[in-house]
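Not measured: the values here are computed from a predicted model. For the numbers below, each heavy atom of this structure counts, side chains included, while hydrogens, waters and symmetry mates do not.
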Amino acid sequence: FLQHNADQPGGLMPLAIFNLSRGSLETALPLFKQAIAWDPHSPQLRQSYATALSMAGDSPEAVRQLEAACKTEPRNALLRYDLGLALGETGDLERARQAFKEAVAVEPLYARAWYNLGLAESKLNNTDGAIAALTAGGFPAGRVFKAPQKTTDIPGAMTAADVLLTQHGDAKHWMVC
């Protein structure tokens, strides 16, 4: 059945996804590429292709595909969110932060985008920005604590977290930024 409709973009996409779900990236990637050549204005095709590219380790091309998808649908929060994730994979945290900000501007209740914005802010050493993003995304402000670190490495973070643990022993879940 999938082969029967493979002569059109809408038929190639399910075939590509089928192959992707079976772990056959080498078969799926050319199918996505052909579908996009036939229908370059489909943000859904580009989004799915970007996912496959990311799985294949080609984050820079995934970013290009998601940027093209965002141009086609500029008010799509999920595309902006996926772009932020792809940019994070490439290490471009400044642009990832901007993509997450654009996602929450389109969809203010998008908790995952707020959370990832908080992570990006934290990785960019903007603790106040991280806290603001987390609380805007629904984390209770009274449950977000700031602990000064002597060093910015993992041992420094764990030492700071240990101090907080002794002060807030009732906490059951921790996220260290």
Side-chain angles (χ1 to χ4, degrees), residues 1-124 129-130 133-134 136-139 154 157 172-177:
F1 173 78
L2 290 174
Q3 289 292 343
H4 179 72
N5 293 312
D7 62 344
Q8 53 192 315
L12 275 183
M13 185 172 164
L15 185 58
I17 291 171
F18 174 80
N19 281 284
L20 188 62
S21 71
R22 302 283 184 283
S24 181
L25 280 169
E26 66 279 351
T27 303
L29 290 173
L31 293 171
F32 279 122
K33 194 170 185 176
Q34 181 61 50
I36 289 169
W38 288 344
D39 186 4
H41 303 293
S42 171
Q44 292 79 19
L45 280 173
R46 289 186 183 276
Q47 184 180 29
S48 295
Y49 185 35
T51 299
L53 288 164
S54 178
M55 292 170 69
D58 192 353
S59 298
E61 182 59 25
V63 166
R64 285 189 284 280
Q65 292 300 321
L66 288 163
E67 287 173 334
C70 287
K71 286 179 185 171
T72 304
E73 276 191 28
R75 303 272 315 146
N76 185 318
L78 179 58
L79 291 175
R80 299 276 173 197
Y81 172 77
D82 284 353
L83 177 59
L85 293 177
L87 286 163
E89 285 179 0
T90 68
D92 192 343
L93 296 176
E94 291 285 348
R95 289 182 58 215
R97 171 174 50 190
Q98 185 58 38
F100 293 131
K101 283 182 178 182
E102 291 168 0
V104 297
V106 171
E107 181 53 59
L109 300 178
Y110 199 168
R112 286 184 300 162
W114 282 113
Y115 173 79
N116 280 280
L117 174 57
L119 292 179
E121 294 286 9
S122 177
K123 286 184 179 184
L124 290 165
L134 292 173
F139 281 85
I154 291 174
K172 293 180 181 167
H173 304 285
W174 288 88
M175 180 177 85
V176 179
C177 298

Show the atom names and distances, to 0.1 Å, of all donor-acceptor pairs under 3.5 Å that link a side chain in residues 105-114 to residues at least two apart or in another chain.
from, atom 1, to, atom 2, distance (Å)
Y110, OH, R112, NH2, 3.3
W114, NE1, P108, O, 2.8

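- Closest of all the heavy-atom pairs between A96 and G88 is CB-N, 3.8 Å.
- Note that the NZ atom of K101 and the CG atom of L117 stand 6.5 Å from one another [nearest 0.5 Å].
- The main-chain N or O of Q44 is found under 3.5 Å from a side-chain atom of S48 such that the two form a donor-acceptor pair.
- Taking the salt bridge (Lys or Arg N to Asp or Glu O under 4.0 Å) definition, one finds that R80 meets it with E102, sequence neighbours left out.
- In this structure, the separation between CG on D58 and OG1 on T90 is 11.0 Å, given to the nearest 0.5 Å.
- What you find for A130 and S122 is that their closest heavy atoms are CB-N, 3.8 Å.
- The heavy-atom pair separating L31 from A16 by the smallest distance is CB-CB, 3.7 Å.
- Residue pairs meeting the salt bridge (charged side-chain N to carboxylate O under 4.0 Å, His left out) criterion with at least one partner in residues 19-34, sequence neighbours excluded, are absent.
- Under the side-chain hydrogen bond (donor to acceptor under 3.5 Å, both in side chains) criterion, Y49 pairs with no residue, sequence neighbours left out.
- Residue A69 comes nearest to L79 through the heavy atom pair O-CD1, 3.7 Å, listed as atom of the first residue, atom of the second, then distance.
- Two residues are said to be in side-chain contact when any heavy atoms from C-beta on lie closer than 4.5 Å; I17 and F32 meet this criterion.
- Across all non-hydrogen atoms, the minimal contact from L29 to A56 is CD1-CB, 4.0 Å.
- Here the straight-line distance linking atom CG of L45 with atom OG1 of T72 works out to 10.5 Å at 0.5 Å rounding.
- Q47 meets the side-chain hydrogen bond (donor to acceptor under 3.5 Å, both in side chains) test with D82; sequence neighbours excluded.
- We find the OH-CZ distance between Y115 and F100 to be 11.0 Å, quoted to the nearest 0.5 Å.
- One finds the OG atom of S59 at 11.5 Å from the CG atom of D92 (value rounded to the nearest 0.5 Å).
- Nearest heavy-atom pair across A52 and L25 is O-CD2, 3.6 Å.
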Acceptor/donor pairs from residues 60-67 side chains to any protein atom, 3.5 angstrom cut, sequence neighbours excluded:
from, atom 1, to, atom 2, distance (Å)
E61, OE1, R64, NE, 2.7
E61, OE1, R64, NH2, 3.0
E61, OE2, Q65, NE2, 2.8
Q65, OE1, R46, NH1, 2.6
E67, OE2, R95, NH2, 2.1

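- Going from atom CG of L20 over to atom CE of M55 covers 4.5 Å, rounded to the nearest 0.5 Å.
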